[in-house]
Amino acid sequence: MATDLDSLVKLQEALQEAETASRELAGVPDSMREIHEQHSEHLEKIQALETRIQEGELERRTSEAAATDAHEKMTHFHSQINRVTTQREYGSLLKEIDAAKEDMSSHEEAALATIEATDTAQTELDQQRSEFEELDSSYNEMLVGWEKQKPTVAARLKEVEADIEQLTEVLPAGLVGQFKRLYERHTGHAFAPVAKVEPQPRSGSVWHCSVCNYRVRPQVIVEIKNNGSLIPCESCHRFLHIKDTP
C-alpha cells in the first residue's frame with residue numbers, strides 16, 4: 001500500500017519532469033543546451049562585429065566629411081590672402097589657415113584609424129562566419145529534429161500534469177502545502193535521500209543525510225522503512241527518503 005511518503009516522492013518526480021518539459025518546450029532540450037549556447041555566443045559575436053563595422057563606416061564618412069569641410073575652409077582662407085590690407089589681417093588669416101589645416105589633418109587621421117579598425121573587424125567577422133557555418137548547420141539540423149519531438153514531449157507533459165493533479169487531490173492539503181514550501185525553498189528538491197555508510201567496527205551501519213551529511217538516528221531509519229513516516233532532516237529540514245535498492 002502506497003504511503004504519503006511514496007506519493008510525495010512521486011509528486012516531486014512529476015513536478016520535476018513537468019518543469020523540465022515546460023522549459024524545453026519554451027526553448028531547447030537539455031541535450032541541445034551546450035550547442036545552443038555555443039550557437040548563441042557565435043551569433044552574438046557576429047552581430048557585434050557587424051554593428052562595429054557599420055558604426056565604423058558611419059564614423060569614417062563623418063570624419064571624411066569633416067576633413068572635406070576643413071579643406072574647403074583652408075582653400076577659402078588661402079583665396080583671401082591677396083585681399084588683406086594690414087599685417088594684423090594677414091596674421092589672423094594665417095591662424096585661420098593653420099587651424100583649418102590642423103582640423104583637416106585630425107579628421108583625416110581619424111578616418112584612417114577607423115578604416116584600419118573596420119578592416120580588422122571585417123577580417124575577424126569573415127573568420128567568425130566561416131567557423132559559424134558548420135556549427136549553424138549542425139544546430140539547425142538538431143532544431144529540426146527537436147521540432148519533430150515537441151508533440152511527444154507536449155503530450156507527455158499533459159499526462160504528467162494530470163498525475164500531479166491526481167496526487168495533489170489524494171494527499172492531505174496541509175501536507176501538500178508543507179511539501180510545496182520545501183520544494184520551492186530548495187529549488188525542486190523537498191526530499192533528501194538517506195545514504196548508508198559502510199558498517200564500522202563496533203558501531204554497525206551509519207546513516208546520514210546525503211544533502212547536508214547530518215547523521216540520521218537508527219530509529220528514524222526504522223520509522224521510514226517500516227511505516228513510511230515523513231520525517232524531516234534535523235539539519236536541512238528536507239523530508240528524509242530511502243531510495244529503493246535493486
**Item:** Sub-4.5 Å side-chain heavy-atom contact between Ile35 and Met32
**Value:** yes
**Asked** Just by modelled atom types, is the Pro193 backbone N or O under 3.5 Å from a matching donor or acceptor in the Ser210 side chain?
**Response** yes
**Prompt:** Tell me the ring pair (Phe, Tyr, Trp, His ring centres under 6.0 Å) pairs involving residues 128-147, sequence neighbours left out?
**Reply:** His36-Tyr139, His39-Phe132, His39-Tyr139
Show me, pair by pair, the donor-acceptor contacts under 3.5 angstrom made by side chains of residues 52-61, not counting sequence neighbours?
{"residue": "Glu57", "atom": "OE1", "partner": "Arg60", "partner atom": "NE", "Å": "3.3"}
{"residue": "Glu57", "atom": "OE1", "partner": "Arg60", "partner atom": "NH2", "Å": "2.9"}
{"residue": "Arg60", "atom": "NH1", "partner": "Glu64", "partner atom": "OE1", "Å": "2.8"}
{"residue": "Arg60", "atom": "NH1", "partner": "Glu64", "partner atom": "OE2", "Å": "3.2"}

**Message:** Show every side-chain hydrogen bond (donor to acceptor under 3.5 Å, both in side chains) that has at least one partner inside residues 73-82, sequence neighbours left out.
**Reply:** none
**Message:** When you measure from the side chain of Thr187 to the backbone of Tyr183, do you find a donor-acceptor pair of N or O atoms at a distance under 3.5 Å?
**Reply:** no
**Prompt:** Which atoms form the tightest heavy-atom contact between Ala14 and Val160, and what is the distance?
**Reply:** O-CG1, 3.1 Å
**Message:** Please give me the minimum heavy-atom distance between Gln12 and Ala190, naming the atom from each residue.
**Reply:** OE1-N, 2.6 Å
**Request:** Show the numbers, then the answer: is there a side chain to side chain donor-acceptor pair (under 3.5 Å) between Ser7 and Asp4?
**Result:** CA-CA 5 Å; Ser7 296; Asp4 288 346; 5.3 Å; no
**Prompt:** What do the steps show when you test Glu13 against Lys10 for salt bridge (Lys or Arg N to Asp or Glu O under 4.0 Å), and what is the final call?
**Reply:** CA-CA 5 Å; Glu13 292 172 348; Lys10 290 180 180 178; over 6 Å; no
**Message:** With a 4.5 Å cut-off on side-chain heavy atoms, are Trp207 and Ile224 touching?
**Reply:** no
**Request:** Would you name the heavy atoms of Leu157 and Ser22 that are closest together and state the gap between them?
**Result:** CD2-OG, 3.7 Å
**Request:** Tell me, with the steps shown, if Arg238 and Phe191 meet side chain to side chain contact (heavy atoms under 4.5 Å, CB included).
**Result:** CA-CA 5 Å; Arg238 294 173 174 86; Phe191 286 92; 5.9 Å; no
**Message:** Tell me which pairs pass side-chain hydrogen bond (donor to acceptor under 3.5 Å, both in side chains) where either residue lies in residues 218-228, with sequence neighbours left out.
**Reply:** Gln219-Glu223, Glu223-Asn227, Glu223-Ser229
**Request:** Output yes when Arg217 and Glu234 qualify as a salt bridge under the 4.0 Å nitrogen-oxygen rule, no when they do not.
**Result:** yes
Which side-chain N or O atoms in residues 91-117 pair as donor and acceptor under 3.5 Å with protein atoms at least two apart or in another chain?
{"residue": "Asp103", "atom": "OD1", "partner": "His107", "partner atom": "NE2", "Å": "3.1"}
{"residue": "Thr114", "atom": "OG1", "partner": "Ala110", "partner atom": "O", "Å": "2.8"}

**Request:** Output yes when a side-chain donor or acceptor of Thr51 lies under 3.5 Å from a complementary backbone atom of Gln47, and no otherwise.
**Result:** yes
**Gln87, CD: over 12 other non-hydrogen atoms inside 6.0 angstrom** = no
**Message:** Rounded to the nearest 0.5 Å, what separates atom NE2 in His241 from atom CG in Leu230?
**Reply:** 11.0 Å
**Asked** Is Leu175 reachable from Ile164 through a run of hydrophobic residues whose side-chain heavy atoms are each under 4.5 Å from the next?
**Response** yes
**Request:** Drop me the distance from Thr120's OG1 to Leu125's CG, to the nearest 0.5 angstrom.
**Result:** 12.5 Å
**Asked** With a 4.5 Å limit on heavy-atom distance, are the side chains of Val211 and Cys233 in contact?
**Response** no
**Asked** Any side-chain heavy atom of Glu133 sitting closer than 4.5 Å to one from Arg129?
**Response** no
**For the student: nearest non-hydrogen atoms of Leu240 and Cys209, plus distance** = CD2-CB, 4.3 Å
**Prompt:** Would you say the side chain of Val28 lies within less than 4.5 Å of the side chain of Leu143, judging by non-hydrogen atoms?
**Reply:** yes
**Asked** When hydrophobic residues are tied together by side-chain contacts of less than 4.5 Å, even through go-betweens, does Leu182 share a cluster with Ile242?
**Response** yes
**Message:** Can you tell me how far apart SG (Cys236) and NE2 (His189) are? Round to the nearest 0.5 Å.
**Reply:** 12.0 Å
**Item:** Between Asp126 and Thr123, a side-chain donor and acceptor under 3.5 Å
**Value:** no
**Prompt:** Would you find more than 12 non-hydrogen atoms of other residues, nucleotides or ligands less than 6.0 Å from His42 atom NE2?
**Reply:** yes
**Asked** What's the shortest heavy-atom distance between Ile46 and Gln128, and which atoms?
**Response** CG1-CB, 3.9 Å
**Message:** Would you compute the distance between atom CG of Leu171 and atom CG of Leu8 and round it to the nearest 0.5 angstrom?
**Reply:** 5.0 Å
**Message:** Filter on side-chain hydrogen bond (donor to acceptor under 3.5 Å, both in side chains), then keep only pairs touching residues 157-182, sequence neighbours left out; what's left?
**Reply:** Arg156-Glu159
**Request:** Group every Ile, Leu, Val, Met, Phe, Trp and Tyr by side-chain heavy-atom contacts under 4.5 Å, then state whether Val84 and Phe77 land in the same group.
**Result:** yes
**Prompt:** Shortest non-hydrogen contact from Leu49 to Ala121?
**Reply:** CD2-O, 4.0 Å
